[in-house]
A.B. asks: 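Take this structure, written in structure tokens, and hold onto it; I'll ask about it next.
Just the heavy atoms: all of them, side chains too, but no hydrogens, waters or symmetry mates, feed the values below.
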Amino acid sequence: MRLSLSKLKIVVIAALLLLAGLAWLVLRAFPVSEVGLRRSACLIDGRVCVCLVSGKDTVELMADSVHQEGVWINRHWWWPSCDGRVLTVGQTSDVKPMNLSAICDSIESLLHRKETERKELKYYLRSHGIIDEGYTQIAAYATRQGKMTDSLRRKLTVLQKISRKDGTGKKSKGKAPRFVLRGKYVVSWYNSNNELHHVECEPVVSQLTGKAFPLILHTRRSFKPWGVYAVRNVPWGAARHRKIVTVRIVPAERRLPYHSIIVTGNYWQGHDHDIPELFAVEGAPVFTKHGRFIGIIRGKEVMQ
């Protein structure tokens with residue numbers, strides 16, 4: 001009798017655990033509410049550099065600023081697993097890998113022009129006898145140009161070093177010079193009191209492919225801020241829905257109940273959407289009209 005009661009307890013406990021698990025999965029599968037939709041979007045600001053890497057040497061060839069949107073996202077749909085993960089659009093670059101000697105020649109030519117300009121500025125400052133407002137402005141400009149010239153000279157020295165190594169044929173396998181994208185980002189969001197907050201992300205290194213790609217950023221210390229909502233990618237997807245909504249975060253100086261605008265549109269199975277360009281911000285999250293997360297905006301596509 002006691003054995004039967006023990007078995008019954010085990011069965012009851014297992015059944016309760018199973019029901020609790022099923023209830024949890026059902027709750028996790030619920031779509032996003034309007035408040036959650038607004039709090040899922042965030043701003044991404046940063047700087048992306050095209051770099052040449054060879055062993056321990058890294059040379060920044062060009063850089064561009066980034067200002068777009070992103071969305072807080074869970075790693076697993078069935079568990080709160082954001083941990084500071086932000087999904088956005090990875091940057092592309094029109095720069096194609098070039099011959100090292102051509103890069104060195106181009107920078108050497110630019111350095112020659114900078115050196116000439118530096119000498120002319122030094123001559124002007126030395127011969128100008130009156131220290132007025134114009135003199136002060138030109139002196140400040142000469143200082144900035146001098147720092148740029150010194151930086152360019154150091155860059156050329158490293159590139160020439162890499163070029164010599166590459167030309168000797170002594171480099172070991174797997175260490176050939178390569179072009180990469182290095183990104184440093186800051187994520188910004190509005191809390192429940194409409195206060196703007198910022199957090200830095202871990203640096204990101206990606207291949208120079210020339211194509212846009214989904215990019216996952218990780219906040220430093222890998223934490224999800226209080227008051228934001230992390231979306232979920234459910235396994236059954238939502239590709240057949242035609243009516244969609246997206247979130248456009250508005251500037252901080254605008255006085256609105258929320259610092260975001262929900263915009264409606266249509267979505268077709270070829271990844272195309274018809275949301276106006278003003279509201280179709282790069283990296284902005286896209287949901288079905290029922291609140292299921294689909295992907296992020298990339299131009300006229302919905303990137304999944």
Side-chain angles (χ1 to χ4, degrees), residues 44-68 88-128 131 133-186 200-213 215 217-218 220 282:
I44 310 293
D45 292 282
R47 186 170 180 268
V48 176
C49 310
V50 178
C51 300
L52 179 66
V53 179
S54 177
K56 296 182 179 180
D57 296 319
T58 300
V59 182
E60 180 182 310
L61 299 179
M62 62 176 296
D64 196 8
S65 60
V66 176
H67 181 71
Q68 58 191 47
T88 188
V89 178
Q91 299 301 303
T92 60
S93 176
D94 296 331
V95 176
K96 296 181 179 179
M98 298 171 57
N99 183 275
L100 275 177
S101 60
I103 296 175
C104 290
D105 291 343
S106 177
I107 294 181
E108 193 169 7
S109 176
L110 177 60
L111 180 61
H112 177 71
R113 293 197 298 271
K114 290 291 184 181
E115 290 284 11
T116 301
E117 182 180 2
R118 191 178 197 177
K119 291 178 181 178
E120 292 174 350
L121 287 170
K122 283 185 176 180
Y123 175 78
Y124 170 83
L125 294 174
R126 188 170 56 249
S127 59
H128 197 73
I131 302 179
E133 184 178 354
Y135 178 93
T136 303
Q137 291 179 353
I138 293 177
Y141 175 77
T143 301
R144 293 194 299 271
Q145 289 298 308
K147 291 180 180 179
M148 291 177 59
T149 303
D150 293 338
S151 176
L152 200 62
R153 185 184 296 106
R154 290 192 295 268
K155 184 180 298 186
L156 178 61
T157 301
V158 177
L159 282 172
Q160 289 173 338
K161 173 186 172 183
I162 295 174
S163 181
R164 286 193 297 269
K165 285 183 179 180
D166 189 53
T168 59
K170 296 181 180 180
K171 295 185 68 61
S172 59
K173 185 178 180 180
K175 293 185 178 180
R178 66 188 190 281
F179 292 88
V180 299
L181 285 173
R182 290 180 178 266
K184 292 184 178 180
Y185 302 92
V186 173
E200 290 186 359
C201 296
E202 297 291 343
V204 178
V205 178
S206 56
Q207 297 300 316
L208 188 64
T209 61
K211 297 180 180 180
F213 56 94
L215 176 65
L217 304 178
H218 297 267
R220 292 195 181 273
E282 291 286 287

A.B. asks: What is the minimum heavy-atom distance between Leu125 and Ala142, and which atoms define it?
C.D. replies: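 Heavy atoms only, the tightest pair is CD1-CB, 4.0 Å.
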A.B. asks: Look up atom CZ in Arg220 and atom CD in Glu200, then write down how far apart they are to the nearest 0.5 Å.
C.D. replies: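 One gets 5.5 Å once the value is rounded to the nearest 0.5 Å.
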A.B. asks: Quick check: do Val48 and Asp64 have side-chain heavy atoms less than 4.5 Å from each other?
C.D. replies: no
A.B. asks: Check Leu217 against Cys201 and note the closest heavy-atom contact, atom names and distance.
C.D. replies: CB-SG, 4.1 Å
A.B. asks: Report the distance from atom OG1 of Thr88 to atom CD of Gln68, rounding to the nearest 0.5 Å.
C.D. replies: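 Here the rounded value is 3.5 Å.
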A.B. asks: Going by distance alone, is a donor N or O of one side chain under 3.5 Å from an acceptor N or O of the other, for Tyr141 and Glu117?
C.D. replies: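 A donor-acceptor contact under 3.5 Å links the two side chains.
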A.B. asks: Tell me the closest heavy-atom pair linking Ala212 and Val89, and the distance in Å.
C.D. replies: CB-CG1, 4.2 Å
A.B. asks: Can you list the steps and then say if Leu181 with Val205 is a side chain to side chain contact (heavy atoms under 4.5 Å, CB included)?
C.D. replies: CA-CA 6 Å; Leu181 285 173; Val205 178; over 6 Å; no
A.B. asks: Hey, what do you get for CZ (Arg154) to OG1 (Thr149), rounding to the nearest 0.5 Å?
C.D. replies: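 OG1 of Thr149 is found 10.5 Å from CZ of Arg154.
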A.B. asks: So how far is it from Arg118 CZ to Leu111 CG, rounded to the nearest 0.5 Å?
C.D. replies: 9.5 Å
A.B. asks: Quick check for you: to the nearest 0.5 Å, what is the distance between Met62 atom CE and Glu60 atom CD?
C.D. replies: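 Between Met62 CE and Glu60 CD, I get 10.0 Å after rounding to 0.5 Å.
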A.B. asks: Should we say atom NZ of Lys184 is surrounded by more than 12 heavy atoms from elsewhere, each under 6.0 Å from it?
C.D. replies: no
A.B. asks: Locate the shortest heavy-atom distance separating Thr58 from Cys51; write the atom from each residue and the value.
C.D. replies: CG2-CB, 4.0 Å
A.B. asks: Would you name the heavy atoms of Leu52 and Leu61 that are closest together and state the gap between them?
C.D. replies: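 Here Leu52 and Leu61 meet closest at CB-CD1, 4.3 Å.
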A.B. asks: To the nearest 0.5 Å, how far apart are CD in Gln160 and CD in Glu108?
C.D. replies: 6.0 Å
